[in-house]
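Okay, so here's the structure we're looking at.
Throughout, a chain's letter reflects where its sequence line sits, starting with A, and its residues are numbered from 1.
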Amino acid sequence: MSEAFSNAGFKILAREDFSDVTYSLVVHHPLMARAAQPGQFVIVMSRPEGERIPLTIADFDRKKGTVTLVVQAVGKTTKEMQQTCKVGTTLYGLVGPMGLPSPLKGKKKVICVGGGLGVAPIYPQARGFKENGAYVIGVLGFRSKSLIFWADKFRACCDELILCTDDGSAGMKGFVSDGIKLAMQGHKNIDECVAIGPPIMMRACAETTRAAGIKTTVSLNPIMVDGTGMCGGCRVKVGGEIKFACVDGPDFDGHKVDFNDLMMRLKRYAAEEKAALQRWSDDCNLMNMTPEVTQASEVEDPAAAPPDPFEEVLGG
Amino acid sequence: MAKKKKTIRTIPQQRTAVRELDPQVRVKNFEEVNCGYTLDQALNEAERCLLCPEAECIKGCPVNINIPKFIESITQKNLRGAYDVIAASNLLAAICGRVCPQETQCEGVCIVGESLEPVAIGRLERFVGDQAIKEKWINMPCAEQTGYKIGIVGSGPAGMACAADMAKAGCEVTVFEAFHEPGGVLKYGIPDFRLPNSVVDAEIENLRKLGVKFVCNTLVGRLFTIEQMRDELGFDAVFIGTGAGYPSMLGIPGDTLNGVLSANELLTRCNLMRAREFPKFDTPIPLGKRVAVIGAGNTAMDAMRVCKRLGAEKVYCIYRRTETECPAREEEVHHAKEEGIEFHWLTAPIEVLDDGKGNVRAMRCIKMELGEPDDSGRRRPVPVNGSEFEFETDQIVFAIGTNANPIIGQTSKVKLNKRGYIACDENLATSMAGVYAGGDIVTGAATVIMAMGAGRKAAASMKAYLKIRDAETAAETPIESFFGIDVRERNYARIRAA
């Protein structure tokens, strides 16, 4: 790897493990914290040999100069990151904020739906709608009680919160689409429904609102490489047109998205992903490593944080 | 004893051959195909240059390198002197010597080439460039620091060339790059067997030694805007060189099936993300056995030759016109043929067929014939009725053109033209004061050397805007030229970089 450029990496200041699959990373990046808007995402490389993966920006703190990423350990990269991304370590590559910011103004009543990991990126949108004067109904869905996270953050910014669990261990038993139906029963004049989660969930949400004609926005998550509009790998079909999720999205009209196409394209490296995961877990077994689950770690004081990688160059 | 005068009758008729890797061997690796000249070969070829007093080659070069002068230095075994001459106009000799289409530029107008094979100027430039990298030569400018801060958006050839000139003029230059590694299309687009990434890194290292700072992981427009660069972040002038990477789509049924990807995606995975070394590197890459590449430009050639090296048994080029109209460099088409790629001219894809599980199984094509010329002057291809046929393929790579990268247009008030490229005047100034643009983002997809030429031109405009007097601008004043002083001579210190 050439030393032709300086790349000190982006420091992880805090980490919280919500469960044995979901964790959050608070990363030091004052410029990005300043620029980030709800709905935008980043591309992360955990190390030089790693792959580039998109992660939505779950939160940002402009004063502290941090962005928060919530990650679900499903494949080799996210499982490896779960082990290696401890407080004090750095991410090799972090670029953003990418994508078009979500439009949050001018709505009177909205439903914000988060399914599983989608709960994280919908949070800044719910908060943003509230700050812009809307009545916000939050609908959160988890498989079961043990996987719930950030419910209190939503309670703080939603006028109503409907919690759903697949197994009924907390809140109402059902999927988020059932939660939406409940919200629609209680309110007649909903301006918009924003739904973020696995494609199959977003498709179900769009079907739930279609007959009532409620504008439904979804945030698409295709495979990405550059994230800057130059490879077309993230192309999605919306209303019969090809759009690039990285520069034309990631938000799109849920009633026009071809979800079948998206879900099919998400499988295109399934064989390689499976092999990589198998290889990695074999290596872990060989080295006798078990995935560590740490509780909410101590937070490093941002004031003592390393200098902003851009400060030296931009003069702060 | 005086040397006999060289004439067209005394020099060898053919250019000195250069060693190339055997096609059977090279399709299994990413080693550089063209091995470059040895010193003896370079000396032999340099002797073929007639050192024309009215050299056409200088005018043929988009950055006007003093070609006869650097070649003469080679004949005198003064390689450092040859480097000095090239570096005065072009800081990226090892790159240009490899990827410039010399056949349509310097070599295309070479006077020797009117009757014999033209002097192999490109191979000689590459030889000198490689020597400079090997010996770690760098020419440090003696310009006074001006205190001006210049921001360059994009670390591809246009940005690098602009950065080099502004650094030589004594400015504080920062190049921003969205990727995690600088180099732009030189890194992600052109494969190692044509332009090794180590050469790109060596040239970038030289720019760093000139004082240029490279900041990666920066998506200008989103992290901060062009306006913020100028108004809040203290940049006195900005150059936009973001390229035209947005790939054009096939626009036929089935073009989103798994196994259909743009050449940009294939090349980025292979070259930048090193997917060819999967699983040592995490990024995967599709490994089709029967690959069809749509298009016949240089990008298409690169994609075809990459697929061959990734283990494809069959690689087909599908192009709707003929070899005569094909835009790729002859040398690249020739290399592709040697490597066993099969060319299907006058053929266009009409549908991609599904295997029932969302993957490519086959492609339906139609034969074409050439009709009347279109806007580009080339004869328009017209489908031949009833000539549809189907052939089996498990991977389709499309390289049929690109469009402007949309991010600067989305995030800045800078004016765009009708096709989405940045609108500039003849000095490459945009609609925003102090902001210049050049390369593919202005002209649409073109070549590395055109981008470099644009970077240099924009730098000249920036210097005029900031009223910087340096070696280049000073030489134009009447007093110096009246006294026959060429202030460009010796206006630098030679160092051997540590």
At a 4.5 Å cut-off on heavy atoms, which part of [X] comes close to chain A: side chain, backbone, both, or neither?
X: B:P247; result: both
X: B:V175; result: neither
X: B:L257; result: both
X: B:T268; result: side chain
X: B:I407; result: side chain
X: B:Q410; result: side chain
X: B:D255; result: both
X: B:Q228; result: side chain

Please classify the contact between [X] and chain B as side chain, backbone, both or neither, with a heavy-atom cut-off of under 4.5 Å.
X: A:D261; value: side chain
X: A:R235; value: side chain
X: A:I223; value: side chain
X: A:L94; value: backbone
X: A:M45; value: side chain
X: A:I53; value: neither
X: A:Q40; value: side chain

### Query
B:F278 ring centre to A:R279 NZ or CZ under 6.0 Å, with the angle to the axis within 45°?
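Output yes; distance and angle both within limits.
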
### Message
Against the six-membered ring of B:Y188, is B:R274 placed for a cation-pi contact (under 6.0 Å from the centre, within 45° of the normal)?
### Response
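No.
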
### Query
Any idea how A:F10 and A:H29 line up, ring-wise: parallel (<30°), tilted (30 to 60°), or perpendicular (>60°)?
parallel

### Task
Report the relative orientation of the aromatic rings in B:Y246 and A:F244; use parallel for angles under 30°, tilted for 30 to 60°, perpendicular for over 60°.
parallel

Looking at [options], which makes the most heavy-atom pairs under 4.5 Å with chain A?
options: B:P284, B:G221, B:A275; value: B:P284
options: B:P406, B:P279, B:S262, B:G259; value: B:P279
options: B:K357, B:E277, B:E177, B:R269; value: B:R269
options: B:G358, B:G243, B:G251; value: B:G358
options: B:T256, B:N264, B:T283; value: B:T256

### Nearest atoms (heavy-atom pairs only) where B:T299 meets B:L267
CG2-CD1, 3.9 Å

### Query
Quick one: does B:L250's side chain get under 4.5 Å of B:I294's, heavy atoms only?
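Of all side-chain heavy-atom pairs linking B:I294 with B:L250, at least one is under 4.5 Å.
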
### Task
Check the pair B:D236, B:R230 against salt bridge (charged side-chain N to carboxylate O under 4.0 Å, His left out), reporting the backbone distance first and the verdict last.
CA-CA 6 Å; B:D236 300 294; B:R230 200 188 49 169; over 6 Å; no

#### Entry: Test log, rule side chain to side chain donor-acceptor pair (under 3.5 Å), inputs A:D251 and A:T217
CA-CA 6 Å; A:D251 288 353; A:T217 305; over 6 Å; no

### Query
Any idea which of A:P97, A:G233, A:G232 has the most non-hydrogen atom pairs under 4.5 angstrom with chain B?
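Result: the option with the highest number of such pairs is A:P97.
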
### Summary
Among A:G99, A:A35, A:A36, the residue with the most heavy-atom pairs under 4.5 Å to chain B is A:G99

Nearest 0.5 angstrom please: [X] [atom1] to [Y] [atom2], how far?
X: B:E265; Y: A:C234; atom1: CD; atom2: SG; result: 9.0 Å
X: A:L266; Y: A:I200; atom1: CG; atom2: CD1; result: 11.5 Å
X: B:L261; Y: A:C231; atom1: CG; atom2: SG; result: 8.5 Å

#### Entry: Test log, rule side chain to side chain donor-acceptor pair (under 3.5 Å), inputs A:Q37 and A:S102
CA-CA 7 Å; A:Q37 299 294 340; A:S102 303; over 6 Å; no

### Message
Closer than 4.0 angstrom, basic N to acidic O: yes or no for B:K149 and B:E172?
### Response
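No, this pair does not count.
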
